[in-house]
Amino acid sequence: MSYTALYRKFRPQEFEDVKGQEHIVTTLRNQIKADRVGHAYLFCGTRGTGKTTVAKIFARAVNCQHPIDGSPCGSCPSCRSIAEGSSMNVVEIDAASNNGVDNIREIREEVAYSPTEGKYRVYIIDEVHMLSIGAFNALLKTLEEPPSYVIFILATTEANKIPVTILSRCQRYDFKRITIDTISKRLAELMEQEQIQVEPKAVRYVARAADGSMRDALSLLDQCIAFYLGQNLTYDHVLEVLGAVDTEVFSRMLRKIMGNDISGVISLLEELMIQGREPGQFVTDFTWYLRNLLLLQSSDNMEEVLDISSENLALLKEEAKMVEAAQLMRYIRVFSELSNQIRYAVQKRVLIEIALIKLCKPEMERDYESLILRVSQLEQKLEKGIPAGFVQAPQEKRDDLPVMQESTKPQLPKAIPKEVQQVVKHWRSIVEELSGGLKNYLRLARPSMTEGGQLSLVLEDEVAEAFLNTEKHQEELRAAMAKKTGREIPFKIVLNETSHPFEESYVDLEKIINMEITIEEQEDI
């Protein structure tokens, strides 16, 4: 016999088996017991919360010959035929692929005929928001004046796309995301039935990763069991299969962020990506980790709320003392914004790198939280006797007044090496051959030159400067330059911090090379 996936094998067959939607189940059972069944229902909610399952149970219950407390008996001919999918009284329609006017017209023609067996003809239209405007209009008349023996159950994950004229004719039921506790308990029960040994911590993590969806939880658990078939399923096994990250790595990441170690956080992220960790899952789990730290700071009685081991709890308590609440709130805000952006992004890793750089450099942002953090960092530097960014200009007549530094007009270099000329002449083509994120940032770079004759790539954007000042990205650029010139060209990434335009502070090599003002080896410039 072929294998049946867990989410199909354990799909609830009675209202009692539906978990986490008691407010809906109770209402529907009361309607059946009191014979107050409506003609149109709208089931709304995120994926995997039981919309279609409840619709099927409801369809069996209203046609059941011997209902038990409003739930289908499961043994009468009507219940059996509906469960087997052979009943003509229950019609399931996928609106994603049957969304035209003609499909709805067929329904309008069918509802003219009363059911051959049972009391009701039930139409379950899944993903109803996918219907076209014409199809909605065709459905409207039938919903407004349906025959007494017809029930429509519309299911959708996007209720905002349903026309108001349809909404007003339906009883609306909102399916909630199922809690972690409810999912964990259900998974533990099913694993006991399957006689599979699973660590409670592993079950708990799967439940959290499912994000309120029982179906997703069962699918994830099925995947983990298949990978370690015949073995006890441990927490580490689950992390490995789902591409997740252990708490210890988050601790290392947080300490590097607090130390403003940009190269350190980028290297650690690189390590995680090489291990095959999923970027979106990393963002979700790190946000959860920061949330746990904030909760520990907010109250002394959060141990029971935080679903972590005693070892990790001790580590969290230690780190909660090291970081301020304002910092944590800023970190959570940045990563929450990232979680919305990364869902449909192509360059997920680039977005994560930018977010991590933002956390390390609060001066890049201008919001209140970042300003407070910058002041705090300045205070810490002053306490340690480190100058907080003050540059003393040469003294002139008075020693008691600071002298404002003026922008000095850049001087043309005496000679430009041939290899640097080659790089500048082909700069745009070199950039276009690079990978996505590197290419986008280097398009903003302006080639210049230091007094020692070294090529400088000047940027106005702090994010771009931090992104390019990593060993991996510099190595890719170095290789691209060598490919074009035939030799390795030393260069450095520079951030324009002069508060003056590029042309007033740096030599514009592109303008010089293109105008052929200088040639290497010339004595007079």
Side-chain angles (χ1 to χ4, degrees), residues 13 15 24 27-44 51-67 70-74 76-159 161-173:
Q13 301 299 315
F15 282 128
I24 295 174
T27 305
L28 296 178
R29 291 177 71 170
N30 288 341
Q31 286 188 357
I32 294 170
K33 287 189 290 185
D35 198 20
R36 293 172 57 89
V37 177
H39 70 276
Y41 296 84
L42 178 64
F43 290 172
C44 313
K51 300 183 297 297
T52 307
T53 296
V54 171
K56 290 180 178 179
I57 297 174
F58 186 71
R60 291 206 310 275
V62 295
N63 284 304
C64 181
Q65 297 173 8
H66 312 290
S71 204
C73 68
C76 68
S78 177
C79 285
R80 289 201 303 269
S81 63
I82 294 174
E84 293 168 359
S86 59
S87 174
M88 301 294 291
N89 287 349
V90 178
V91 181
E92 290 187 56
I93 300 169
D94 177 20
S97 53
N98 301 281
N99 56 5
V101 177
D102 292 339
N103 301 113
I104 301 301
R105 283 176 178 164
E106 289 179 10
I107 296 176
R108 290 177 56 182
E109 293 172 1
E110 290 176 5
V111 298
Y113 303 98
S114 60
T116 54
E117 58 179 19
K119 295 164 50 177
Y120 295 97
R121 184 186 293 273
V122 182
Y123 288 89
I124 301 173
I125 306 179
D126 203 7
E127 301 299 337
V128 70
H129 64 273
M130 300 289 285
L131 290 179
S132 65
I133 297 298
F136 271 125
N137 290 335
L139 180 63
L140 187 60
K141 184 65 175 176
T142 308
L143 282 181
E144 189 174 19
E145 298 176 1
S148 59
Y149 49 79
V150 173
I151 298 174
F152 284 95
I153 303 178
L154 315 180
T156 179
T157 55
E158 300 182 47
K161 294 184 178 180
I162 309 296
V164 178
T165 50
I166 300 290
L167 288 173
S168 63
R169 288 165 171 81
C170 299
Q171 293 185 29
R172 175 170 174 167
Y173 293 89

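Remember, it's a predicted structure, so these values are computed and weren't measured experimentally. In this chain, numbering begins with 1 at the start of the sequence shown.
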Min side-chain heavy-atom separation Thr157-Lys51 under 4.5 Å: yes
Quick one: does Asn30's side chain have a donor or acceptor within less than 3.5 Å of a partner on Thr27's backbone? no
Residues Cys76 and Cys64: closest non-hydrogen pair is SG-SG, 3.9 Å
Within the side chain of His39, is there an N or O that forms a donor-acceptor pair under 3.5 Å with the backbone of Phe152? no
Below 4.5 Å, heavy atoms only, C-beta onward: do Ile24 and Tyr41 meet side chain to side chain? no
State, to 0.1 Å, how close His129 and Phe136 come at their nearest heavy-atom pair, and which atoms those are. CA-CZ, 4.2 Å
To the nearest 0.5 Å, what is the distance between CD1 (Ile125) and CD1 (Ile93)? 5.0 Å
Report the distance from atom OG1 of Thr52 to atom CZ of Phe43, rounding to the nearest 0.5 Å. 9.5 Å
Using a cut-off of 6.0 Å, state whether more than 12 heavy atoms not belonging to Lys33 lie near its atom NZ. yes
Residue pair Ser87 / Ser78, side-chain heavy-atom distance below 4.5 Å: no
Val122 versus Phe58: any side-chain heavy-atom pair under 4.5 Å? no
Does any part of the side chain of Asp102, heavy atoms only, come nearer than 4.5 Å to the side chain of Arg105, both counted from C-beta? yes
Is the side chain of Asn89 donor-acceptor paired with the backbone N or O of Arg121 at a distance under 3.5 Å, no angle test? no
Is there side-chain contact between Leu28 and Tyr173, with heavy atoms separated by less than 4.5 Å? yes
For Ser81, is there any backbone N or O sitting under 3.5 Å from a side-chain donor or acceptor partner on Ser86? yes
Please report the closest heavy-atom contact between Leu154 and Cys170, naming both atoms and the distance. CD1-SG, 4.0 Å
Closest approach of Ala95 and Leu131, non-hydrogen atoms and distance? CB-CD2, 3.9 Å
Taking atom CD of Gln65 and atom CG of Asn63, what is their separation to the nearest 0.5 Å? 9.5 Å
For the pair Arg108 (side chain) and Ile104 (backbone), establish whether a donor and an acceptor sit closer than 3.5 Å, ignoring hydrogens and angles. no
For the OG atom of Ser168 and the CG atom of Leu143, what is their distance to the nearest 0.5 Å? 9.5 Å
Counting C-beta onward and ignoring hydrogens, is there a side-chain heavy-atom pair between Glu144 and Thr165 closer than 4.5 Å? no
Can you check side-chain contact (heavy atoms from CB on, under 4.5 Å) on Val54 and Phe15, steps first, answer last? CA-CA 7 Å; Val54 171; Phe15 282 128; 4.2 Å; yes
Would you compute the distance between atom CD1 of Ile151 and atom NZ of Lys119 and round it to the nearest 0.5 angstrom? 9.0 Å
Identify the heavy atoms of Ala138 and Thr142 that sit nearest to each other, and give their distance. O-OG1, 4.0 Å
Residues Pro72 and Cys79: closest non-hydrogen pair is CB-SG, 3.8 Å
I need the Ile162 CD1 to Thr156 OG1 distance, nearest 0.5 Å. 4.5 Å
